[in-house]
S.K.: 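Submitted below is the structure of interest, expressed as structure tokens.
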Amino acid sequence: MSTEQKIKGSTRAYSYNLLRERILHLELEPGTKISEKEIADELNVSRTPVREAFMKLAEEELLDIIPQSGTIVSRINLKYVEEGRFIREKLEKEIVALACDQLDKDARFKIEANIAMQDVCAGQNNFYRLFELDEEYHQILFDATGKQRTWKMLQQLNIHFNRLRLLRLSKDSNWENIIRQHKEIYQLIIQQDKEHAMKVMEQHLRLVVVEQDFLKEKYPHYFI
């Protein structure tokens with residue numbers, strides 16, 4: 001691979017990662033119109049890697065590229081939110097059941113450290129980092145039960161679900177309730193109480209359902 005190709009590849013990845021983070025963190029709000037030229041000028045790069053980044057983000061349903069009209073940040077699709085939540089609920093109930101038998105000492109340490117950091121972030125109102133820790137908490141359970149590929153598969157299906165979760169965390173959400181449930185699920189896993197752990201995980205993943213009507217009413221322009 002030539003130096004030029006490497007630079008182009010790294011520029012595309014940089015453009016993609018930056019735009020994706022801005023969209024997920026609501027710095028680019030749903031419905032916002034953006035252009036290749038403006039982004040390329042801002043990042044001081046050519047339009048080609050930006051165009052490629054746009055295409056990848058469109059494939060992930062984060063951008064809507066409309067012919068003869070332009071490109072907008074996609075609105076949060078509540079049908080996709082529910083589909084993603086449904087799949088995670090069904091899978092993660094089984095994951096916690098497996099974790100009751102398979103969670104080793106290393107995974108326990110990771111979860112305990114993760115929960116401790118969640119408390120710190122809640123105290124500092126750092127909801128971006130709290131979201132990352134929330135994701136990490138669930139990923140540890142998938143890793144500990146040998147389901148790493150399943151976790152990766154879920155990420156594509158959960159883009160709209162995760163966008164709603166980030167919005168929920170950033171706008172008057174009950175962080176303490178989320179963290180409390182994480183602690184409860186972990187303790188139930190340690191106690192190998194499969195039935196109760198599965199029930200609490202189900203309740204945990206249904207919090208979004210309870211809160212989405214409030215969010216839709218408060219931010220109607222974010223949703224379709």
Side-chain angles (χ1 to χ4, degrees), residues 8-66 69-82 84-85 88 114 117-118 120-139 152 154-175 178-179 207-208 211-224:
K8 179 183 175 183
S10 61
T11 304
R12 179 178 61 243
Y14 172 73
S15 303
Y16 163 77
N17 289 327
L18 182 67
L19 288 168
R20 190 176 194 276
E21 183 173 294
R22 287 183 179 180
I23 293 169
L24 290 176
H25 289 187
L26 301 171
E27 293 171 29
L28 287 171
E29 296 184 348
T32 302
K33 191 169 184 177
I34 61 175
S35 76
E36 292 176 9
K37 184 179 186 306
E38 289 174 358
I39 297 298
D41 289 346
E42 178 191 347
L43 302 182
N44 195 28
V45 299
S46 70
R47 292 179 63 171
T48 299
V50 174
R51 183 178 303 113
E52 292 169 347
F54 272 32
M55 294 299 294
K56 187 173 181 181
L57 290 164
E59 289 175 4
E60 295 181 358
E61 301 167 349
L62 290 173
L63 291 180
D64 291 330
I65 300 175
I66 306 168
S69 180
T71 300
I72 65 168
V73 177
S74 67
R75 290 178 171 84
I76 299 171
N77 188 316
L78 290 176
K79 288 184 179 180
Y80 294 166
V81 169
E82 171 53 24
R85 187 212 60 77
R88 275 195 69 166
N114 175 280
M117 282 300 299
Q118 288 183 42
V120 171
C121 290
Q124 297 181 355
N125 293 333
N126 188 342
F127 62 87
Y128 289 142
R129 181 61 182 133
L130 184 57
F131 173 78
E132 292 172 350
L133 288 164
D134 188 344
E135 284 286 275
E136 182 183 287
Y137 173 92
H138 291 270
Q139 185 175 1
K152 288 181 180 179
L154 281 176
Q155 297 316 295
Q156 177 62 35
L157 291 171
N158 275 279
I159 286 173
H160 286 262
F161 180 53
N162 288 340
R163 292 174 75 191
L164 184 64
R165 288 171 58 216
L166 248 176
L167 176 62
R168 180 187 66 177
L169 282 172
S170 66
K171 310 291 185 183
D172 307 317
S173 179
N174 186 356
W175 299 359
I178 294 169
I179 297 171
L207 283 176
V208 166
E211 297 174 357
Q212 72 180 21
D213 288 341
F214 163 76
L215 293 169
K216 187 176 180 180
E217 182 179 344
K218 194 169 183 180
Y219 307 98
H221 54 294
Y222 282 4
F223 296 93
I224 57 172

S.K.: Just to verify, what does Glu21 make a salt bridge (Lys or Arg N to Asp or Glu O under 4.0 Å) with, not counting sequence neighbours?
M.R.: none
S.K.: Might you work through the side chain to side chain contact (heavy atoms under 4.5 Å, CB included) test for Glu136 and Asn114, ending with a clear yes or no?
M.R.: CA-CA 8 Å; Glu136 182 183 287; Asn114 175 280; 3.0 Å; yes
S.K.: What's the verdict on side chain to side chain contact (heavy atoms under 4.5 Å, CB included) for Leu215 and Ile76, showing C-alpha distance, side-chain angles and the deciding distance?
M.R.: CA-CA 11 Å; Leu215 293 169; Ile76 299 171; over 6 Å; no
S.K.: After noting the C-alpha distance and the side-chain angles of Leu130 and Ile179, does the key distance pass the side chain to side chain contact (heavy atoms under 4.5 Å, CB included) rule?
M.R.: CA-CA 10 Å; Leu130 184 57; Ile179 297 171; 4.2 Å; yes
S.K.: Is there a side-chain contact between Leu63 and Ile23 in this structure, where contact means two heavy atoms from C-beta onward sitting under 4.5 Å apart?
M.R.: yes
S.K.: Kindly write out the residues that satisfy side-chain hydrogen bond (donor to acceptor under 3.5 Å, both in side chains) with Asp41, not counting sequence neighbours, or none if the list is empty.
M.R.: Lys37
S.K.: Side chains of Met55 and Ile65: does their closest heavy-atom pair fall under 4.5 Å?
M.R.: yes
S.K.: What's the spacing between Ser35 OG and Glu42 CD if we round to 0.5 Å?
M.R.: 10.0 Å
S.K.: Testing the basics here: between Pro49 and Ser15, what is the closest heavy-atom pair and its distance to 0.1 Å?
M.R.: O-CB, 4.5 Å
S.K.: Looking at every non-hydrogen atom in both residues, tell me the closest pair between Gly70 and Lys33 and how far apart they are.
M.R.: CA-CE, 4.1 Å
S.K.: Under 3.5 Å, is there a donor-acceptor pair between the side chain of Asp64 and the main chain of Ile72?
M.R.: no
S.K.: Would you please name every residue forming a side-chain hydrogen bond (donor to acceptor under 3.5 Å, both in side chains) with Glu60, sequence neighbours left out?
M.R.: Tyr16, Arg20
S.K.: Could you tell me which non-hydrogen atom of Glu29 sits nearest to which non-hydrogen atom of Val73, and how far apart they are?
M.R.: O-CB, 3.5 Å
S.K.: Tell me the side chain to side chain donor-acceptor pair (under 3.5 Å) pairs involving residues 69-81, sequence neighbours left out?
M.R.: Ser74-Arg163
S.K.: Is the shortest side-chain heavy-atom distance between Tyr137 and Gln118 below 4.5 Å?
M.R.: yes
S.K.: Once rounded to the nearest 0.5 Å, what's the spacing between atom CG of Asn162 and atom CG of Leu167?
M.R.: 12.5 Å
S.K.: Quick check: do Arg165 and Leu169 have side-chain heavy atoms less than 4.5 Å from each other?
M.R.: no
S.K.: Rounded at 0.5 Å granularity, tell me how far CD in Gln139 sits from NZ in Lys152.
M.R.: 9.0 Å
S.K.: At what distance, to the nearest 0.5 angstrom, does CG of Leu43 lie from OG1 of Thr11?
M.R.: 9.5 Å
S.K.: Can you list every ring pair (Phe, Tyr, Trp, His ring centres under 6.0 Å) pair that touches residues 22-48, not counting sequence neighbours?
M.R.: His25-Tyr128
S.K.: My understanding is that only residues two or more places apart in sequence, or in another chain, count here; which of them pass side-chain hydrogen bond (donor to acceptor under 3.5 Å, both in side chains) with Arg88?
M.R.: Glu92, Glu135, His138
S.K.: Before accepting this row, confirm whether a basic side-chain N of the pair Lys56/Glu59 lies closer than 4.0 Å to the acidic partner's carboxylate O.
M.R.: no
S.K.: Does the side chain of Leu166 reach to within under 4.5 Å of the side chain of Leu26, using non-hydrogen atoms?
M.R.: no
S.K.: Distance from Leu28 atom CG to Leu57 atom CG, nearest 0.5 Å?
M.R.: 10.0 Å
S.K.: With rounding to the nearest 0.5 angstrom, report the CG to CG distance, Leu24 to Leu19.
M.R.: 11.0 Å
S.K.: Could you go step by step and tell me if Arg85 and Leu164 meet the side chain to side chain contact (heavy atoms under 4.5 Å, CB included) rule?
M.R.: CA-CA 11 Å; Arg85 187 212 60 77; Leu164 184 64; over 6 Å; no
